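As the structure is a prediction and not an experimental result, all values here were calculated from the model.
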Amino acid sequence: MSQNHRPNILWISLEDTSPRFGCYGDPIARTPNIDRLAAGGCRFPNAFSTAGVCAPSRSAIITGMYQTSIGTHHMRTTHQNLHTPEMPTPYSAVLPHYVKTFTEYLRAAGYYCTNNHKTDYQFTPPITAWDELSKNAHWRNRPGGMPFFSVFNPTITHESGMWPKDDRELETDPDTVKLPPYLPDTPKAREALARHYDNLAISDAKVGELLDQLEEDGLDDDTIVILWSDHGEGLPRGKRWPYDAGIRIPLIVRWPGELEPASVTDQLVSLIDLGPTMLSLAGVQRPVHLQGQPFLGPEKVDREYIFATRDRYDESYDMVRAVRDKRFKYLRNYFPEKPYLLWIPYRNKHPVLQEMWRLHLEGKLEAPQDVMFRCPRPVEELYDTENDPFELNNLADDPDHQETMAHLRRTLDDWRNEFGDLGDVSEDQMVARWYPNGEQPATAGSVFIPICEENLGTDAAPEGGAFSGPLLVQLHCATQGASIAYTMEEGEDVHWKLYTEPIRLPQGTTTIRAKAIRIGYTESEERAGTFEVKRDA
C-alpha cells in the first residue's frame, strides 16, 4: 500500500466476548463469517482490554488514554445509582483539555467517521466525534470519494444475554459446553453458556452482512477490517476482573495486501493501541499525549506488557491493578480485606452467579469452584498463564518466582508513575474538582470573526454583517480545549462539520450555525451568524 493511500477502515465491536470462535479452535462455536474474516487476515491471540468492563475499556479505546490516567476508571459515571444515591454520580468525566476522541483527528484529515451506534465512554460523546452517530450510520452515507472509518456494534453477546429467555429455544446443546473449572458445572450454568454460544452465532451473522456489503460496494480489497470485543465474556470471574477471562479478547485484522491470510501472531496488543494504530494507518500525525502505540504498519511498536485495572463497578468500590507479559500475570489487590464478590445487584442476576451462591450456602463448593469465596484476598497474585491458563495457582509466595514477582511489581509501579493513577484519589474528591460547587462546567459559545480587507481578524461579528470582497470567517471558543462544530444547513437533521480552519464564503448571503464542546462540559448554546459577500470571493 502506497505511503499516500488512505485506506477505509471498518470496526466490528462485539460485547462481553472471549475468543469462543471456530478460528480460535472452539469446536462448539458456529462462527463461519468470523472464521471467514480470520481466513483472510491475521489473528492476535495475545490481545487484551484495559479493564474487564465496558465503559472504562471503551473510554481508553476512544481516547487512546488509560482510564486511570483520565478519570474514567469507575464503572457507570453518567447514571444515577438508585441503590446508593450517596455516590457522586451521575457525572460526565472531565478529561484533560487536550484530550479528544481520536476520531476527531481522522475527521480533520478528511475521513468520514460513523458509529452505529454504541458509545459508553463515561462521558457524553461530543458532537464533533462523529459525522454520523445513529442506528442508521453507515459508510454508504458518505460523500463520494471520502475515505471512511465506520464502527458497528453488535450488542447481542452482552452478559445479560445469558439470562433465561422464555421465548427462545436453545440451539446449542448445554451438555456440549465446557465451563471454566472455577465455576459450578450445573444444568443452569451450562444453559447460560449455551445461550452465549447462540448469541455469538447471531452476532456472526451480522458480521457476515457487513462483509457482504463491503464486497457489494467493491470495497473489500481497499478496507482494513478489525473485529474485537470491549472485554472478556460475562461469566463470573471473567467480566469485571483483570484475570484473563475478563480481559483477553478476540482480535482479528484483515488488511489485504499487507497481512498474510490465515496468519497468527503472538505479539501483545492492548485495546488502548487501537486508536493510535488507526491514525498511523491513515497517515495522520499522532498527538504525543496518546498512551497507546501502533501495533500494525510501518510505525508498529512491539509491546512488552499490557496493563489492566478494576475500580468501582456499579455499587461497590474496589481497586486492583494488573500487569501481564506473554507468560506471567501480576495482580495487586489494594483492598485485600474485602471479599471477591462485592454487592453488585445487576451482576447478581446472572444465573451462574446465582448457582455459585446457592451451592456456597449448601456447603457444596469445592476447590477450585470456591475460589471467589476465599477471604481475605492475597495482597499480590502471580500466575504462569502458560501452564495455568485459568489462573488458579498463585505463585506470589513461591521462592522460585521471586525474581519475576519483583520485576513485574516494579513494572506496575513504573506504569502508575508514568501515566498517573487517579484511583489514588477518592471519587468524590475527583468529581468535586471537576464540578466546582456541584455544577457541571459549561462550554462557551462560538464567536464569529470575519477576515476581509476591512477587518483582518481584529473584531468579532457575533451576528454577521455585510462585507465587500473575499471573506473568510474564523470560529473561536473561549473554553480551553473545546472543539467547534458548524453547519450551513437549515433545520434539525443536519450534518455538523468539524471546524479546523477559517471558512471561505461564496458570493451572496450565508448563515453559519456553530456550537462548541469540551469533553465533560455541557455543550454550548448554538449561535448563528449571517454574512453577505457583495462581490465574488
Participant: Would you mind reporting whether E233 and H196 have side-chain heavy atoms less than 4.5 Å apart?
Facilitator: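 Sidechains of E233 and H196: in contact.
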Participant: Using only atom types and a distance under 3.5 Å, with no angle test, would you say the side chain of Q122 pairs donor to acceptor with the backbone of T72?
Facilitator: yes
Participant: Is the shortest side-chain N to carboxylate O distance from E191 to K165 below 4.0 Å?
Facilitator: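 Judged by the 4.0 Å cut-off on N to carboxylate O distance, E191 and K165 do not form a salt bridge.
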Participant: Could you go step by step and tell me if Y66 and W415 meet the ring pair (Phe, Tyr, Trp, His ring centres under 6.0 Å) rule?
Facilitator: CA-CA 10 Å; Y66 287 106; W415 174 76; 5.1 Å; yes
Participant: Is S18 reaching over with its side chain to a backbone N or O of R20, donor-acceptor style, under 3.5 angstrom?
Facilitator: no
Participant: Taking the side chain as everything from C-beta on, heavy atoms only, tell me whether L361 gets closer than 4.5 Å to R358.
Facilitator: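 The answer is no, as the side chains (C-beta and beyond) never meet within the 4.5 Å cut-off.
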Participant: Taking all non-hydrogen atoms of both residues into account, name the closest pair between P184 and L179 and its distance.
Facilitator: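 Nearest heavy atoms, P184 then L179: O-CD1, 3.5 Å.
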Participant: Would D120 and R76 count as a salt bridge (charged side-chain N to carboxylate O under 4.0 Å, His left out) here? Give the steps.
Facilitator: CA-CA 9 Å; D120 208 9; R76 288 288 165 252; 2.9 Å; yes
Participant: Can you measure from CD (E215) to CG (D221) and round to the nearest 0.5 angstrom?
Facilitator: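 Taking CD in E215 and CG in D221, the distance rounds to 9.0 Å.
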Participant: Given the side-chain rings of H74 and Y317, with only the six-membered ring counted for Trp, is the space between their centroids under 6.0 Å?
Facilitator: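 When the ring centroids of H74 and Y317 are compared, they turn out to be within the sub-6.0 Å range.
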Participant: Got a salt bridge between E169 and R195, using NZ or NE/NH1/NH2 to carboxylate O under 4.0 Å?
Facilitator: no
Participant: How far does CD of E418 sit from OG of S69, to the nearest 0.5 angstrom?
Facilitator: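 Between atom CD of E418 and atom OG of S69 there are 9.5 Å.
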Participant: Answer yes or no: is there an ion pair linking R409 with E380, defined by an N-O contact shorter than 4.0 Å?
Facilitator: yes
Participant: Taking atom CD as the centre, does E366 end up with more than 12 heavy-atom neighbours from other residues, nucleotides or ligands that are less than 6.0 angstrom away?
Facilitator: no
Participant: Would you check, one step at a time, whether the test ring pair (Phe, Tyr, Trp, His ring centres under 6.0 Å) holds for W163 with Y346?
Facilitator: CA-CA 11 Å; W163 301 346; Y346 182 84; 5.0 Å; yes
Participant: Donor-acceptor pair, T277 side chain versus D273 backbone, under 3.5 Å?
Facilitator: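 Judged by distance alone, yes, a pair lies under 3.5 Å.
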Participant: Considering residues, nucleotides and ligands other than E260, do more than 12 of their heavy atoms fall under 6.0 Å from its CD?
Facilitator: no
Participant: K326 and E386: salt bridge (charged side-chain N to carboxylate O under 4.0 Å, His left out), yes or no, with the steps?
Facilitator: CA-CA 8 Å; K326 289 182 180 178; E386 186 176 293; over 6 Å; no
Participant: Is it the case that more than 12 heavy atoms not belonging to E403 sit under 6.0 Å from its CD atom?
Facilitator: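 Counting neighbours around CD of E403, 12 or fewer heavy atoms of other residues, nucleotides or ligands fall under 6.0 Å, so no.
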Participant: Can you tell me how far the CZ atom of F21 sits from the CG atom of D35, to the nearest 0.5 Å?
Facilitator: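 So the gap between those two atoms works out to 8.5 Å.
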Participant: Salt bridge between R312 and D318, side-chain N to carboxylate O under 4.0 Å?
Facilitator: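 Not counted as a salt bridge, because no side-chain N and carboxylate O are separated by less than 4.0 Å.
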Participant: I'd like to know if the side chain of N46 and the backbone of D266 have a donor-acceptor N/O pair within less than 3.5 Å.
Facilitator: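 It does hold such a pair.
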Participant: Are the side chains of T50 and S270 in touch, meaning some heavy atoms are under 4.5 Å apart?
Facilitator: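 Yes; the side chains approach each other to less than 4.5 Å.
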Participant: Identify whether NZ of Lys or CZ of Arg in R324 sits under 6.0 Å from the centre of the six-membered ring of F307 and within 45° of that ring's axis.
Facilitator: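 Judged by the rule (NZ or CZ under 6.0 Å from the ring centre, within 45° of its axis), R324 is not positioned above F307.
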Participant: Answer yes when R254 and D220 have at least one side-chain N-carboxylate O distance shorter than 4.0 Å, and no when they do not.
Facilitator: no
Participant: Are the side chain of E355 and the backbone N or O of A189 linked by a donor-acceptor pair below 3.5 Å?
Facilitator: no
Participant: Would you say the side chain of S150 lies within less than 4.5 Å of the side chain of E132, judging by non-hydrogen atoms?
Facilitator: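 No, side chains not in contact.
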Participant: Looking only at atom types and distance, does a side-chain atom of D370 sit under 3.5 Å from a main-chain N or O of F373, one as donor and one as acceptor?
Facilitator: no
Participant: So does D16 get a backbone contact from the side chain of D230, meaning a donor-acceptor N/O pair under 3.5 Å?
Facilitator: yes
Participant: Which heavy atom of S92 sits nearest to which heavy atom of T124, and what is that distance?
Facilitator: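 Closest heavy-atom pair between S92 and T124: OG-N, 3.1 Å.
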Participant: Charged N to carboxylate O below 4.0 Å: is that the case for D212 and R36?
Facilitator: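 Between R36 and D212 there is a salt bridge, with a charged N closer than 4.0 Å to a carboxylate O.
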Participant: Any heavy-atom pair between the side chains of L408 and L382 that's under 4.5 Å?
Facilitator: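 Counting from C-beta outward, L382 and L408 do come under 4.5 Å.
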Participant: I12 versus I226: any side-chain heavy-atom pair under 4.5 Å?
Facilitator: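 They are not in contact (no side-chain heavy atoms under 4.5 Å apart), so the answer is no.
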Participant: Measure from the side-chain N and O atoms of T265 to the backbone N and O of Q267, and report whether any donor-acceptor pair falls under 3.5 Å.
Facilitator: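 A pair under 3.5 Å: yes.
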Participant: When the aromatic ring centroids of W130 and F148 are compared, is their separation below 6.0 Å?
Facilitator: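 Ring centres of F148 and W130 not closer than 6.0 Å.
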Participant: Please confirm whether the ring centroid of H138 lies under 6.0 Å from the ring centroid of F152.
Facilitator: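 Aromatic pair counts; centres sit under 6.0 Å.
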Participant: Answer yes or no: is there a side-chain heavy-atom contact under 4.5 Å between K118 and R58?
Facilitator: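 Yes, side chains in contact.
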Participant: Where does the angle between the aromatic ring planes of H360 and W357 fall among parallel (under 30°), tilted (30 to 60°) and perpendicular (over 60°)?
Facilitator: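 Judged by the thresholds at 30° and 60°, the geometry between H360 and W357 is perpendicular.
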Participant: Give a yes or no on this: more than 12 heavy atoms of other residues, nucleotides or ligands lie within 6.0 Å of atom CG of D397.
Facilitator: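 Open.
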Participant: Do R374 and Y340 form a cation-pi contact, if we require the NZ or CZ to be under 6.0 Å from the six-membered ring centre and within 45 degrees of the ring's axis?
Facilitator: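 Ring-cation test returns no.
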Participant: Under the 6.0 Å and 45° cation-pi test, does R310 pair with W241?
Facilitator: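 Relative to the ring axis of W241, which defines the angle, R310 lies inside both limits.
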Participant: Going by an N to O cut-off under 4.0 Å, is there a salt bridge joining R30 and D198?
Facilitator: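 Looking at R30 and D198, the cut-off is met.
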Participant: Search all heavy atoms of A93 against all heavy atoms of G71 and return the closest pair with its distance.
Facilitator: CB-O, 3.9 Å
Participant: Is there a donor-acceptor pair closer than 3.5 Å between any side-chain N or O of R248 and the backbone N or O of P45?
Facilitator: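 Yes, the answer is positive, given that a donor and an acceptor are paired below the 3.5 Å cut-off.
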Participant: Taking the side chain as every heavy atom from C-beta outward, state whether I344 and R240 have any pair of such atoms under 4.5 Å apart.
Facilitator: yes
Participant: What closest approach, in Å, do A51 and Q67 show between heavy atoms, and which atom pair accounts for it?
Facilitator: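 For A51 versus Q67, the nearest heavy atoms are CB-NE2, 3.6 Å.
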Participant: Should D244 and K329 count as an ion pair when the cut-off is N to O under 4.0 Å?
Facilitator: yes
Participant: Ring centroids only, cut at 6.0 angstrom: are F48 and H231 within range, meaning strictly under it?
Facilitator: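 Ring-ring flag for F48/H231: false, centres at least 6.0 Å apart.
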Participant: Any Lys/Arg nitrogen of D311 or R321 sitting under 4.0 Å from an Asp/Glu carboxylate oxygen of the other?
Facilitator: yes
Participant: Do F44 and F295 have ring centroids that are under 6.0 Å from one another?
Facilitator: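 Ring centroids of F295 and F44 are less than 6.0 Å from each other.
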Participant: Tell me whether the centres of the aromatic rings in W139 and F149 are closer together than 6.0 Å.
Facilitator: no
Participant: Any idea which heavy atoms bring D131 and Y111 closest together, and the distance?
Facilitator: OD2-O, 3.6 Å
Participant: Please find the pair of heavy atoms, one from P56 and one from S59, that lie closest to each other, and give the distance.
Facilitator: O-OG, 2.7 Å
Participant: Are the side chain of D421 and the backbone of R416 linked by a donor-acceptor contact shorter than 3.5 Å?
Facilitator: no
Participant: The test is side chain to side chain donor-acceptor pair (under 3.5 Å); show your working for S426 and D428 and say whether it passes.
Facilitator: CA-CA 6 Å; S426 67; D428 57 349; 2.6 Å; yes
